[in-house]
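Scope of the values below: all heavy atoms of this structure, side chains included, with no hydrogens, waters or symmetry mates.
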Amino acid sequence: MKEIVFQNDKYHMNWLRADFEYGKVRCPSVLKSAVTNRFDGDFIFTEITLTNTGRKPYFSHTGDIGIAFPLQDTYADSGTCLTRRCHTHIFCGGNVSYLMALRMGGTAPHLGMVLTEGSLSDYSIERDTGHMSNDRGCFWLHPSPLEFDAGETKKICWTIFPHQGKDDFLQQLKKFPTYIQIEAQRYVLFQGETEELKITPCFKTEFITVDGIKLQPVNGRYVVQFPADTYGEKRFDICAGEVHTWCKVFVQKRPAELIALRCRFIAQHQQYHGLIAPLEGAYLGFDNEDGTFVYTPENDYNGGRERVGMGMLVAKYLQCNPSVQPDLLEKSLLCYVAYVERELVDVDTGTVCNDIGMDDSFKRLYNLPWFAAFFCEVYRFTKNPDFLQYACRIIERFYEAGGIDFYPIELPVVLLTRSLLSAGMDGEALAMKELFIRHADRISERGLDYPSSEVNYEQSIVAPAADVLFKVFLITGADEYLQAGRQQLAVLDLFNGFQPDYHLYETAVRHWDGHWFGKRRLYGDTFPHYWSALTGNVFELYAEITGEASYFKRAEDSRRGVLPLFFPDGTASCAYVFPFSVNGIRASFYDPYANDQDWGLYFYLRAMMQHAALK
């Protein structure tokens, strides 16, 4: 089968990519496979049979058998992506397994798949690394471990169907006889909270068991409550008759303790004080395996760029906890500020350099808004208005360098404007506001015609578009920016899934960060990666503007989703590479490098402080 094209699709999108064979089976030579497809309008029924041809039993393990499901989850130009490419959300949950593919522009029909016989326990990725970040690759679905008697045949079956979007996909899942709906109150919890898990089989069953404990239904639904007291992953094994599935949640330290531990670790272990004079005071990446600093002139491992996220976190923490270890953290922050002014930022001109030694040989617009935001946060701690002047000069330089056509991550529209007004710098606030409005006008004018950036098309292009528009609405009150932001929000939402697994729930699809920022340099789905929380930040802005409670919850879920990247000893990881394997290399690991993930903790602390101020 080479094509899946749904009727009434005005774009005539072929959901299958051409470089992999749909349904192809890879398995040990002792197993013989066969694939058949049956069609009924837009519904496709796929059956894979696996037969043990040996004379003795054969036991398989996860990863021994792979079944290709090659979808158009690739990034071309935005026009192609929005009409003929898809985001793929996968849940390999035993007998309850499914795949929800959403056209990137949101226009239905979309593609759904649900397992109807057999069990899937994981998936792997195979990708051409020559396409770098722009191709997620082919999905290889792995059946759960199987026990074959000699000559025995087993089946894996699924149904492909069109759907209208997330809500319709869920409703259609409920029509299948092996589906169990699982809803957790939170997928990342803090110690001391109580989890409530709601389980609804979509078929008749006398009872279910959760972790072997028999439960009785209440109005057709089973409810499990447990105290989130022990740090780490918690898997609930759920059985209803012959149907087995699971749900995974994560218990994290309470945020105040987690943030304090992380800030202390940064100051004690990730700030350089050594023999290399230019790096004195720098916040650097950290190798958790070797216990050493990470620095190379290579962009994503150097002494500038995203590493400023550590400075943002420490500056923010000192604003709400100025008396907590002031000798350590305040000294650390001011030492880092001195490093930034000496090695990275010309505060007289607003030039932000890519690395130490005022090295501006690599031009990168992302860097400028980050350091402008950093100086705003330092101002909020020190109350020294000079830092706001530095931020203004950086923003002016950003727009002089073509920033109006760029989609920046964390442009400090509200942060800088409100900080200037609080400092009595009304003229500067007006000048910055005018620049931000021009930028929002340009984004609004382009609509969904996104420019390519370091990746052709990605969540961290769409999220900044919505972010800038909603923030400019907040400083102007002009409805046109709210409406333009809603258009961006609808497209941004499609990157996020809702699978009952803390790695995946409200986590944006990203699939290259482990290669660019990690020690293992492995491409593959990063669930989570800290920039996933950019979507939660947009949800928060929208909720703040409209009062829609569902978006407050989604914002919290999104931001919590990146917190498993932080560990109880203060260490951290830049990404969790989620698939079972990538190009044959075993994955499912936290990368050993701590490298830039502190943006995610900064976002969480910022939201905590905002909510406290509103109470």
Side-chain angles (χ1 to χ4, degrees), residues 1-4 15-40 43-71 88 90-99 101 111-127 137-161 173 176-180 203 237-246 579-588:
M1 186 168 68
K2 296 183 178 180
E3 285 190 344
I4 297 178
W15 290 80
L16 296 181
R17 53 189 298 157
D19 51 348
F20 291 89
E21 180 184 349
Y22 169 82
K24 181 178 180 179
V25 179
R26 291 177 178 169
C27 58
S29 58
V30 71
L31 298 179
K32 178 182 178 181
S33 65
V35 181
T36 59
N37 296 297
R38 182 171 61 85
F39 303 86
D40 184 1
F43 283 72
I44 302 169
F45 305 91
T46 296
E47 177 183 282
I48 296 101
T49 58
L50 298 162
T51 302
N52 178 12
T53 62
R55 296 181 179 180
K56 294 184 178 181
Y58 175 78
F59 287 16
S60 71
H61 304 278
T62 299
D64 289 347
I65 303 167
I67 307 167
F69 209 115
L71 291 174
T88 309
I90 303 172
F91 181 58
C92 293
N95 302 124
V96 180
S97 295
Y98 53 80
L99 181 155
L111 181 144
M113 180 276 273
V114 61
L115 192 72
T116 55
E117 185 173 346
S119 175
L120 300 175
S121 58
D122 218 326
Y123 73 93
S124 290
I125 294 289
E126 183 177 354
R127 60 191 289 167
C138 177
F139 306 107
W140 289 87
L141 306 179
H142 297 310
S144 301
L146 295 168
E147 299 178 1
F148 292 87
D149 201 351
E152 185 178 7
T153 296
K154 295 184 181 290
K155 293 181 181 179
I156 301 290
C157 302
W158 61 63
T159 299
I160 293 172
F161 56 92
L173 283 184
F176 288 89
T178 59
Y179 179 63
I180 299 175
F203 51 88
D237 281 291
I238 301 163
C239 291
E242 298 299 316
V243 178
H244 171 230
T245 189
W246 51 80
F580 179 82
S581 67
V582 180
N583 288 357
I585 301 172
R586 188 72 169 91
S588 303

Peer 1: Name all residues meeting the ring-ring contact (aromatic ring centres under 6.0 Å, His included) criterion together with F580; count only those two or more places apart in sequence or in a different chain, and write none if there are none.
Peer 2: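 F580: ring-ring contact (aromatic ring centres under 6.0 Å, His included) contacts with H142.
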
Peer 1: Kindly write out the residues that satisfy ring-ring contact (aromatic ring centres under 6.0 Å, His included) with F139, not counting sequence neighbours, or none if the list is empty.
Peer 2: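 Here no residue qualifies.
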
Peer 1: Applying side-chain hydrogen bond (donor to acceptor under 3.5 Å, both in side chains), can you list everything that pairs with S588, at least two apart in sequence or on another chain?
Peer 2: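 For S588, the residues satisfying side-chain hydrogen bond (donor to acceptor under 3.5 Å, both in side chains) (neighbours in sequence not counted) are R586.
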
Peer 1: Walk me through it: do N37 and T46 pass the test side chain to side chain donor-acceptor pair (under 3.5 Å)?
Peer 2: CA-CA 5 Å; N37 296 297; T46 296; 2.7 Å; yes

Peer 1: As an exercise, state the distance from OH of Y123 to OG1 of T62, rounded to the nearest 0.5 Å.
Peer 2: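 Output value for this atom pair is 14.5 Å.
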
Peer 1: Heavy atoms, side chains only, cut-off 4.5 Å: are Y58 and D64 in contact?
Peer 2: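 Result yes, sub-4.5 Å side-chain heavy-atom pair found.
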
Peer 1: Ignoring hydrogens and angles, tell me if any N or O in the side chain of S124 forms a donor-acceptor pair with the backbone of W140 under 3.5 Å.
Peer 2: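 Not confirmed, S124 side chain does not pair with W140 backbone.
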
Peer 1: Mind checking what makes salt bridge (Lys or Arg N to Asp or Glu O under 4.0 Å) contact with K24, not counting sequence neighbours?
Peer 2: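 Here no residue qualifies.
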
Peer 1: Are F148 and L50 close enough that some pair of their side-chain heavy atoms sits under 4.5 Å apart?
Peer 2: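 Counting from C-beta outward, F148 and L50 do come under 4.5 Å.
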
Peer 1: With rounding to the nearest 0.5 Å, note down the distance linking NZ in K154 to CG in L31.
Peer 2: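 So the NZ of K154 and the CG of L31 are separated by 11.0 Å.
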
Peer 1: When you compare the side chain of T178 with that of L115, does any pair of heavy atoms fall below 4.5 Å?
Peer 2: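 Of all side-chain heavy-atom pairs linking T178 with L115, none is under 4.5 Å.
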
Peer 1: Restricting to salt bridge (Lys or Arg N to Asp or Glu O under 4.0 Å), what partner residues turn up for D237, sequence neighbours left out?
Peer 2: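 Applying salt bridge (Lys or Arg N to Asp or Glu O under 4.0 Å) to D237 gives R235.
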
Peer 1: Just wondering, do Y179 and Y98 contact through their side chains at under 4.5 Å, heavy atoms?
Peer 2: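 Answer yes - side chains close enough.
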
Peer 1: Partners of D19 by salt bridge (Lys or Arg N to Asp or Glu O under 4.0 Å), sequence neighbours excluded?
Peer 2: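 With neighbours one apart ignored, the set is R17.
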
Peer 1: Under the ring pair (Phe, Tyr, Trp, His ring centres under 6.0 Å) test against F176, which residue among F45, F203, F161 passes?
Peer 2: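 The ring pair (Phe, Tyr, Trp, His ring centres under 6.0 Å) with F176 is passed solely by F161 among F45, F203, F161.
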
Peer 1: Please test I160 against Y22 for side-chain contact (heavy atoms from CB on, under 4.5 Å), starting from the C-alpha separation and ending with a verdict.
Peer 2: CA-CA 12 Å; I160 293 172; Y22 169 82; 3.3 Å; yes

Peer 1: Is there a donor-acceptor contact under 3.5 Å from the side chain of D122 to the main chain of P579?
Peer 2: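 No, the answer is negative, given that no donor and acceptor are paired below the 3.5 Å cut-off.
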
Peer 1: Return yes if some donor-acceptor pair links the side-chain N/O of T116 with the main-chain N/O of C157 below 3.5 Å, else return no.
Peer 2: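 It does hold such a pair.
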
